[in-house]
Amino acid sequence: MPPRRRAAIGLVTSGFRPSKRIHYSVGIDTKTPAPAPPAAVPGAADGLQQLHDSITGWFAETARDLPWRDPSCSPWGVLVSEIMLQQTPVVRVLPVWHEWLERWPTPAGLAGEPAGEAVRAWGRLGYPRRALRLHAAAAAIVSEHAGKVPDTYPELLALPGVGSYTAAAVAAFAYGRRETVVDTNIRRVQARLVAGSALPAPALTAAEMRLAASLLPDDDATSVRWNAAVMELGALVCTARVPKCPACPVKDSCAWLAAGEPPPSYVPKGQAWHGTDRQVRGAVVAVLRLAEAPVPAEMFHHAPADLGFAPEGIGVPLAALHRLNPPPEQLERSLAGLLADGLAELHDGGYRLPA
DNA sequence: AATGCGTGGCT
DNA sequence: TAGCCAAGCAT
């Protein structure tokens with residue numbers, strides 16, 4: 001195992017001081033010119049330093065002990081965690097992450113198995129295409145990076161399933177680099193603390209990226225700690241629904257609190273679920289995950305009772321699918337979609353995970 | 001730029 | 001209980 005630069009997140013135990021009241025005249029409106037960095041605001045340089053101290057100090061005391069934050073965790077372990085954590089809560093990721101790292105301690109290990117095994121081992125984390133892309137990323141790491149997770153933002157960004165957030169996060173958390181990490185937690189903290197709004201804009205704006213860059217501490221190690229700390233603050237305290245402001249280390253500096261907690265300026269629209277293709281696809285993949293042989297198309301189209309034989313090992317998810325009772329055309333569309341996405345393949349007249 | 005893409009705990 | 005929401009990405 002080659003030596004690696006790695007920031008020891010969560011080991012800082014000093015530097016905590018109560019922050020003074022500071023306010024930034026910085027917005028996240030993309031139409032306005034680039035916001036003046038807080039450091040350019042009179043007296044704000046001290047405020048920025050205090051912001052760093054307050055939040056990283058809070059992080060040192062409060063941070064969860066997550067395995068991918070351990071300095072001994074490999075870059076591969078960090079990458080796997082970041083992909084799994086996309087739109088998925090930590091508590092659900094933990095057990096699956098452990099299974100993966102034990103089974104596939106290196107990218108080469110995963111790349112050496114069929115993609116379907118990645119989907120199977122993904123379990124019920126959701127968005128199983130992530131498993132497919134992580135498998136493809138492992139293959140790319142083997143073929144293009146000699147089996148080592150790349151350590152630069154552009155190289156990471158080129159990997160399947162790795163977007164701007166994940167590329168920055170892996171460069172920062174696995175390799176100790178100074179990167180502008182912007183996830184939904186950081187966006188929400190910035191929106192409240194600096195912009196004074198209840199929620200960030202519906203989509204990530206360039207202004208938010210500039211703001212995050214302007215808040216980033218100058219040196220590598222501190223910037224890594226800062227990124228992790230702000231994410232943690234958003235995850236544990238500055239939460240979307242009911243923020244725990246009394247427990248916030250920077251409540252006295254928060255523009256949103258100072259403004260009297262104004263409500264969101266827009267209503268986030270939820271995702272439809274019942275009756276959608278996604279629901280059907282999920283039910284189909286649940287069947288394929290448990291199947292040890294290709295599942296005949298008739299099994300999807302007809303209730304088990306009509307088949308004249310018991311589906312081995314897949315009775316429960318198959319029954320769940322038939323309880324959904326999707327229109328035949330929707331079932332067809334969902335199966336075709338899974339084939340098109342590479343989440344399923346046809347073999348011997350049946351459907352199976354890619355082998 | 002807006003959509004599609006899973007899952008399950010929480011309120 | 002029916003939404004809301006969780007360390008996004010690809011198209």
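Naming convention: chains lettered A, B, ... in sequence-line order (proteins, then strands); numbering from 1 in each chain. Note that this is a predicted model, so its numbers are computed, not measured.
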TODO: For Ala203(A), answer base if it contacts any base atom (sugar-phosphate contacts may also be present), sugar-phosphate if it contacts only those atoms, and nothing otherwise; contact means non-hydrogen atoms under 4.0 Å.
DONE: nothing

Task: Distance test, side-chain N/O of Gln87(A) to OP1/OP2 of dA6(C), below 4.0 Å - done: no

- [ ] Would you tell me if any nitrogen or oxygen in the side chain of Lys269(A) comes within less than 4.0 Å of OP1 or OP2 on dC4(C)?
- [x] no

Task: Same-atom distance (C1') from dA6(C) to dC5(B), integer angstrom - done: 15 Å

Open item on the list: The test is ring-ring contact (aromatic ring centres under 6.0 Å, His included); show your working for Trp104(A) and Trp76(A) and say whether it passes.
Closed with: CA-CA 10 Å; Trp104(A) 299 305; Trp76(A) 169 242; 8.6 Å; no

- [ ] Determine the Euclidean distance between corresponding C1' atoms of dG8(C) and dA1(B); express it in Å to zero decimal places.
- [x] 16 Å

Open item on the list: If we count only N and O atoms by modelled type, under 3.5 Å, do the side chains of Thr276(A) and Gln279(A) hold a donor and an acceptor together?
Closed with: no

TODO: Between Val242(A) and Arg133(A), name the one whose nearest nucleotide on DNA chain B is closer to the 5' end.
DONE: Arg133(A)

Task: Nucleotide dT11(B), atom P - distance to NZ of Lys244(A) in whole Å - done: 9 Å

TODO: For the side chain of Pro268(A), starting at C-beta, report the closest nucleotide among dG8(B), dC5(C), dA7(C).
DONE: dC5(C)

Task: Sugar-phosphate, base or nothing in reach of Gly163(A), heavy atoms under 4.0 Å - done: sugar-phosphate

Open item on the list: Base, sugar-phosphate or nothing for Ser81(A)? Non-hydrogen atoms, less than 4.0 Å.
Closed with: nothing

Task: Whole-Å gap separating P (dC5(B)) and CD (Gln86(A)) - done: 17 Å

Open item on the list: Taking dG8(B) as the reference, what is the distance to dC9(C) when you measure between their P atoms (whole Å, please)?
Closed with: 23 Å

- [ ] Using a heavy-atom cut-off of under 4.0 Å over every strand shown, decide if Arg188(A) touches base, sugar-phosphate, or nothing.
- [x] sugar-phosphate

TODO: Establish, with yes or no, whether the OP1 or OP2 oxygen of dA7(C) is under 4.0 angstrom from a side-chain nitrogen or oxygen of Arg69(A).
DONE: no

TODO: Remember a base hit wins even if backbone is also touched, and classify Arg333(A) as base, sugar-phosphate or nothing at under 4.0 Å, heavy atoms.
DONE: nothing

- [ ] Return the 5'-most residue of the pair Thr166(A), Arg92(A) with respect to DNA chain C, ranking by each residue's nearest nucleotide.
- [x] Arg92(A)

TODO: Could you state the atom-to-atom distance from CZ of Arg129(A) to P of dC5(B) in whole Å?
DONE: 7 Å

Task: Arg177(A) and Tyr153(A), any side-chain heavy atoms less than 4.5 Å apart - done: no

Task: Arg241(A), nearest nucleotide to its side chain (from dA7(C), dC4(C), dG9(B)) - done: dC4(C)

- [ ] Could you tell me whether Leu338(A) contacts a base, only the sugar-phosphate backbone, or nothing, with contacts defined as non-hydrogen atoms closer than 4.0 Å?
- [x] nothing

Task: From Cys238(A) atom SG to Ile55(A) atom CD1, the distance as rounded to the nearest 0.5 Å - done: 9.0 Å

Open item on the list: Need one value for Thr276(A): base, sugar-phosphate or nothing, where a base atom within 4.0 Å counts as base even if backbone is also close, heavy atoms only.
Closed with: nothing

Task: Among dA6(C), dT7(B), dG6(B), the one nearest Ala240(A) by side-chain distance - done: dA6(C)

TODO: Whole angstrom is fine here: how far is it from CZ in Arg124(A) over to P in dG6(B)?
DONE: 12 Å

Open item on the list: In this structure, how many angstroms lie between the P atom of dA10(C) and the CG atom of Leu134(A), rounded?
Closed with: 12 Å

- [ ] Report yes or no: do Glu117(A) and His135(A) form a side-chain donor-acceptor pair below 3.5 Å?
- [x] no

Task: Between P of dA2(B) and CG of Leu204(A), the distance in whole Å - done: 14 Å

Open item on the list: Rounded to whole Å, please give me the gap between CH2 in Trp273(A) and C1' in dG4(B).
Closed with: 12 Å

Task: Whole-Å C1' distance, dA7(C) and dA2(B) - done: 23 Å

Open item on the list: Once you apply a heavy-atom cut-off of 4.0 Å, does Gln271(A) come out as touching a base, just sugar-phosphate, or nothing?
Closed with: base

- [ ] Using a heavy-atom cut-off of under 4.0 Å over every strand shown, decide if Leu125(A) touches base, sugar-phosphate, or nothing.
- [x] base

Open item on the list: Quick check: any donor-acceptor pair below 3.5 Å linking the side-chain of Arg278(A) to the base of dG6(B)?
Closed with: yes

Task: Lys/Arg-Asp/Glu bridge criterion (N-O < 4.0 Å) met for Arg333(A), Asp277(A) - done: yes

Task: Gln271(A) side chain to Arg278(A) side chain, donor-acceptor N/O pair below 3.5 angstrom - done: yes

- [ ] Identify whether any heavy atom of Ala169(A) sits under 4.0 Å from a base atom; if not, whether one sits that close to sugar-phosphate; answer base, sugar-phosphate or nothing.
- [x] nothing

Open item on the list: Under 4.0 Å, heavy atoms only, any strand: does Thr88(A) hit a base, just the sugar-phosphate, or nothing?
Closed with: base

TODO: For Gly161(A) and for Pro89(A), find the nucleotide of DNA chain C with the closest heavy atom, then tell me which residue's nucleotide is more 5'.
DONE: Pro89(A)

- [ ] Write down the distance between CG (Leu79(A)) and P (dG8(C)), rounded to a whole number of angstrom.
- [x] 15 Å

